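Since we're looking at a predicted model, the values are computed, not measured. Below, each value reflects all heavy atoms present in this structure, side chains not excepted, and no hydrogens, waters or symmetry copies. Residues: numbered from 1 along the sequence shown.
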Amino acid sequence: MKKPSYELFDNNTQAIVYGLQRNSVQRMLDFDYICNKQQPSVACIVNPGKEDNLKAFWGDKEILIPVYASLKVAMANQPQADVLINFASFRSAYGVTMEALASQGIKTVVIIAEGIPERQSREIARYSKTQKKIVIGPATVGGIKAGCFKVANTGGTLTSILASKLNRPGSVGFVSKSGGMSNEMYNIISRNTNGLYEGIAIGGDSYPGSTLLDHLLRYQANPKIQLLVCLGEVGGTDEYEIAEALKDGRLTKPLCVWVTGTCAKIFPGEVQFGHAGAKAGNDCESAEAKNKALKKAGAKVPKSFNDFDRTIARVYKKLVKDGVISAIDSEPPTPKIPVDYQTVVKENGYSIRKPTGIVTTISNDSLEECVYAGVPISTVIERGWSIGDVIGLLWFKKKFPAYASEFIEIVLKIIADHGPCVAGAHNAIITARAGKDLMSALATGILTIGPRFGGAIDGAAKHFKRALDEDLSPLDFVNDMKQRDIKIPGIGHRIKSLINPDKRVELLKDYAREYFPKTDLLDYALKVEEFTTTKKNNLILNVDGCVGVLFVDMLRSMDFSEKEIDEIIEIGGLNAMFVLGRSIGMIGHVLDQKRLKSGLYRHPMDDIAYMLPETVE
């Protein structure tokens, strides 16, 4: 059912929020919830250039609010949304507003930004009228329709909203220039009448998109509103338009009004209050003159703001007595809004025992700066610690001695790449040539790492360590692995052999013998190599095996317990070296293909043996 022109919002109203305003969106959803609405009033959010979902609370359950990269896309995907809450900055608010006003779906635009150039404000106001649409603002907190819809942060906290009975409609239509004073007026209205029906803060700029009178005329046309309340302010002539409307009969409902700024007369010079428009350039723009004109036109004007509540109460009681307004006897039930965890802690000043979802023992980013295993990042940088030192902190939670950190860096350099033909690099290249992004291409390469490609480091460490711990001779170890039907991890190379040794292995062995306090497991592995190479000269200790056994020697030299070493091997802590190191090379191959602008790879047909059955019946 189409809502009347005098109604900006109803129970089905949904808004597009321009700008990623998490707190404002959550406050709107909380208001919806305490008003027992069936759907959120936020249809979507626009976050320029980014498309995502915002996770928010609906009561105690989490929901997703779609986030679109442009207003055009948002309006196309959410055609039912007829309100735009525009949080764009003063530099871009004009363009966003004009785009919304030119659209078919948006009927009301609320502009939060202050400082929009006056020329642009005038153009917005003029264009909105040609489009027969309503603009609230600029420089506004918005408005609220009690029990129905609220703009962003209007009305204050939920406690204030409930205290002012904004969760259900009354009979009073209120309009003001000031957003801050609106919250106070909602409280005054709730204590002296049956409550607010709708309240609008038009904004404090000199040229608002809609005027005080525009909204009072809407309230005049609304049969559910019986009492009008208005709060004007010093500066401008809007209030004289209201006086004229009272005189010519366009406004016939009782109007209680006060123009703030009467204190300006006690100052020796010209005074400007908080808003751009709150400045009296001559006597007729003074609060005193406008209050006098409104009273003369028939409005109910108190002697001072201190008497405003009594004036409203007096007019309301007469309307009740005359049968125009019915008092509200009982308040509707309101669901309880769960309190945010951070709010409880902050407001009450005590900690709460809340089970955590994740435990971490390696880093902490909740402090002034992130720490690695208790060491601040600034310390890592200031002391010139290496990548090997950082790996020691984050992987093993210890500051490694210099020889150990240097060994880690040597390993990373040695295993960084092994050409384009090995599985990981090949997969990464093929994926890059298919036009995929760097991360996707790298992921396909990493996924090939396993027992047949690069995954032998953990296996070599595990089996060689077990053999040495069980005091097996090299021959017994080889026979034991044969009986288990397990190929010895870390032994064998497709190309390298005794007569063509792997230079990488030689570098690792030389470094370890010079700097490691002991190399018991390396020595044992080399004795196994002496036996395996008697059968075939390429059954050498390869780079994976050398890294694996040397890591165990290194950990033992740093007094890691046997249990700790076994756990590191079991959870993949040594294979992680291959993953990290080889990623460097795979990234290089991906970037290389991107630079070369290589096309889609197709495997040559002459490299495939087609062995299909002759016939299939």
Side-chain angles (χ1 to χ4, degrees), residues 3-11 35 143-148 155 162-176 181-200 211-232 238-260 290-332:
K3 61 177 177 279
S5 59
Y6 52 75
E7 292 277 26
L8 300 184
F9 319 115
D10 62 20
N11 278 326
C35 293
I144 188 168
K145 183 176 177 184
C148 178
L162 290 172
S164 297
K165 302 173 185 176
L166 297 175
N167 58 307
R168 53 84 173 152
S171 302
V172 179
F174 170 75
V175 64
S176 167
M181 284 300 295
S182 291
N183 290 350
E184 175 61 23
M185 287 302 303
Y186 298 153
N187 181 41
I188 290 172
I189 289 168
S190 71
R191 288 190 285 108
N192 294 281
T193 71
N194 67 356
L196 183 80
Y197 182 85
E198 183 183 298
I200 296 293
T211 65
L212 298 173
L213 180 59
D214 289 335
H215 296 284
L216 289 173
L217 290 173
R218 284 196 305 107
Y219 300 158
Q220 172 70 33
N222 192 332
K224 295 180 180 178
I225 295 176
Q226 301 300 333
L227 173 58
L228 311 181
V229 177
C230 177
L231 187 68
D238 288 1
E239 291 81 0
Y240 289 107
E241 294 178 358
I242 299 172
E244 288 303 314
L246 286 167
K247 291 177 185 177
D248 62 26
R250 283 178 291 160
L251 291 178
T252 60
K253 292 179 181 179
L255 170 64
C256 299
V257 61
W258 175 253
V259 180
T260 62
K290 291 195 284 188
N291 279 323
K292 185 177 179 181
L294 286 164
K295 186 174 183 178
K296 185 178 180 180
K300 310 300 180 184
V301 181
K303 293 181 180 179
S304 70
F305 183 78
N306 290 337
D307 293 325
F308 204 9
D309 57 344
R310 287 187 283 274
T311 300
I312 294 170
R314 186 167 56 252
V315 175
Y316 169 75
K317 288 175 182 177
K318 185 176 187 307
L319 290 170
V320 172
K321 182 180 178 181
D322 294 343
V324 178
I325 292 179
S326 299
I328 295 176
D329 297 325
S330 61
E331 299 297 329

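Using modelled atom types, one side-chain atom of N194 and one backbone atom of S171 make a donor-acceptor pair closer than 3.5 Å. Between the side chain of Q220 and the main chain of T252, a donor-acceptor pair closer than 3.5 Å is present. Not one N or O on the side chain of S164 forms a donor-acceptor pair closer than 3.5 Å with the backbone of L166. Although no hydrogens or angles enter the test, the distance criterion places a donor-acceptor pair under 3.5 Å between the side chain of N222 and the main chain of K224. Judged purely by atom type and a 3.5 angstrom limit, K145 uses its side chain to pair as donor or acceptor with the backbone of F9. Between the side chain of K253 and the backbone N or O of Y219 there is at least one donor-acceptor pair closer than 3.5 Å.
Side chain to side chain, T211 and D238 fail the donor-acceptor criterion of an N or O pair below 3.5 Å.
Heavy atoms only, all atoms of each residue included: P169 and I328 are closest at O-CD1, 3.6 Å. Across every non-hydrogen atom of P254 and L319, the tightest pair is CG-CD2, 3.9 Å.
Take A146 and apply the side chain to side chain contact (heavy atoms under 4.5 Å, CB included) test, not counting sequence neighbours, and it matches no residue. Remark: R310 engages D307 in a salt bridge (Lys or Arg N to Asp or Glu O under 4.0 Å) (not counting sequence neighbours).
Of the inter-residue distances, the one linking I312 atom CD1 with C256 atom SG reads 5.5 Å to the nearest 0.5 angstrom.
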For this session: List the steps, then state whether salt bridge (charged side-chain N to carboxylate O under 4.0 Å, His left out) holds for R218 with E7.
Result: CA-CA 7 Å; R218 284 196 305 107; E7 292 277 26; 5.5 Å; no
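For the side chain to side chain contact (heavy atoms under 4.5 Å, CB included) test with F308, the passing option among L231, N192, T260, I188 is L231; the others fail.
Side chains of L255 and I242 form a contact here, defined as non-hydrogen atoms less than 4.5 Å apart.
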